[in-house]
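Report on one structure; see the data block that follows.
Not measured: the values here are computed from a predicted model.
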Amino acid sequence: MAGIRIVNLTKTYQINNREIKALSGINMEVEDKSFVTVVGRSGCGKTTLLRILCGLEEKSQGEIYYTKGDMIISKPKTSMVFQEPRLMPWLTVGENITFGLRGESPAVKRQKADKLLDLLGLKEFKGAYPHQISGGMAQRVALGRTLCYDPEIILMDEPLGALDAFTRQNLQGEIVKLFINKEKTVIFVTHDVDEALLLGQKVVILEKGSIKKQIPIDLPYPRHPDSEIFFKYRQAILREILGNKEN
Ligand SMILES: Nc1ncnc2c1ncn2[C@@H]1O[C@H](COP(=O)(O)OP(=O)(O)OP(=O)(O)O)[C@@H](O)[C@H]1O
Ligand SMILES: [Mg+2]
């Protein structure tokens, strides 16, 4: 169990002697076991934020604290789900799911894999290889692999971005069931406002590397995109994102 406190986080890249501020002065609180979505235009720094949190990238300035109640703790087990499933082509679906389990006995691995395969509707495909399953199924396997690894913090970078609308909707529903109100702290990046609203307990709007607004979403799950209140939230977020376009 862990919350994340991001203080004045800045990331600068150098391209051909030119400085690019991918993130500047990010201050953000992710409560323990909460599901936060980050939304914003292409290039606003969403992936950079997750890569820094995951440890794939160094920050330039600022601090990241992990908290448990009032205490600061060391970085907890963190896992990232990418836009593409990144499965091991030489391993079966079942083996991909248990990939992160080191030192567990084959029996324990089998038991954990079976439970998740069942949960994700992939039971019949346990022995299939990644090239034998669809994109939506592969992304399910990627979610299963993350769940099996059992991290406290899960970072998701547009994990449904490459999927068709139906599969995407399906998996959004599954993510609500699997991740929300569980013992996980999740940051989910998307450029899709409806997706951010369907999933997030808080929506963080990024613009050109800075936080434009953080909006708590006070709606129970499952959420309905055609409800009046959803519509109002959507308009509020779109206003924030599109507002500056006209300036
Ligand atoms: N490794 C890198 N080297 C130099 N610049 C980078 C690097 N990674 C990202 N950037 C720059 O940082 C900025 C933010 O990029 P980032 O990938 O975080 O955006 P994003 O919000 O994830 O965009 P998208 O929605 O297209 O995925 C961009 O201007 C990008 O060019
Ligand atoms: Mg990105």
Side-chain angles (χ1 to χ4, degrees), residues 4 6 9 11 13 20 22-23 26 28 30 35-58 77-91 93 96-97 99-100 116 120-122 125 128-149 151 153-180 184-200 202-209 211 225 237 241:
I4 310 171
I6 301 170
L9 180 68
K11 174 72 187 177
Y13 287 112
I20 296 195
L23 294 173
I26 299 285
M28 179 175 158
V30 180
F35 198 115
V36 169
T37 48
V38 178
V39 70
R41 287 160 184 265
S42 181
C44 70
K46 304 183 293 295
T47 296
T48 304
L49 176 64
L50 292 197
R51 287 177 59 83
I52 292 173
L53 288 169
C54 194
L56 292 169
E57 199 80 66
E58 289 283 332
K77 212 161 137 183
T78 301
S79 173
M80 185 137 158
V81 183
F82 300 88
Q83 181 169 2
E84 67 290 355
R86 300 192 181 192
L87 303 180
M88 309 292 165
W90 60 90
L91 297 180
V93 163
N96 265 288
I97 284 190
F99 183 74
L116 284 165
L120 292 161
L122 289 166
F125 296 91
Y129 285 90
H131 73 274
Q132 297 172 315
I133 60 176
S134 72
M137 287 155 72
Q139 203 50 289
R140 267 198 198 102
V141 177
L143 292 175
R145 179 179 54 193
T146 295
L147 286 169
C148 198
Y149 178 62
I153 296 175
I154 299 176
L155 309 167
M156 301 205 222
D157 192 4
E158 307 209 33
L160 312 182
L163 304 176
D164 67 84
F166 298 113
T167 312
R168 189 169 183 153
Q169 231 175 34
N170 246 326
L171 276 179
Q172 284 164 348
E174 279 176 34
I175 285 174
V176 167
K177 280 191 239 149
L178 290 172
F179 292 93
I180 288 169
K184 307 281 172 212
T185 303
V186 184
I187 304 182
F188 184 108
V189 157
T190 177
H191 57 252
D192 180 325
V193 172
D194 273 22
E195 185 164 274
L197 265 174
L198 279 169
L199 302 175
K202 176 164 81 173
V203 175
V204 176
I205 301 167
L206 268 191
E207 186 182 275
K208 293 181 188 156
I211 291 183
I237 293 171
I241 297 175

field: Under 3.5 Å donor-acceptor, Q169 side chain and F166 backbone
entry: no
query: How would you list all residue pairs meeting salt bridge (Lys or Arg N to Asp or Glu O under 4.0 Å) that involve residues 161-170, not counting sequence neighbours?
result: R168-D192, R168-E195
message: Please determine whether the number of non-hydrogen atoms from other residues, nucleotides or ligands lying under 6.0 Å from atom NZ of K77 exceeds 12.
response: yes
field: Six-ring centre of Y13, K11 cation under 6.0 angstrom, axis tolerance 45°
entry: yes
Can you find a heavy atom in the side chain of [X] that is under 4.5 Å from one in the side chain of [Y]?
| X | Y | answer |
| --- | --- | --- |
| L171 | L143 | yes |
| I154 | T185 | no |
| D157 | V81 | no |

query: What distance do C148 atom SG and N96 atom CG have between them, rounded to the nearest 0.5 Å?
result: 11.0 Å
Heavy-atom closest contact (L199 atom, Q172 atom, distance): CD2-O, 3.7 Å
Closest non-hydrogen atom pair, P130 against P89: CD-O, 3.7 Å
statement: With sequence neighbours left out, the residues meeting salt bridge (Lys or Arg N to Asp or Glu O under 4.0 Å) with E158 are none
query: Listed by chain and number, what are the salt bridge (Lys or Arg N to Asp or Glu O under 4.0 Å) partners of K202, not counting sequence neighbours?
result: none
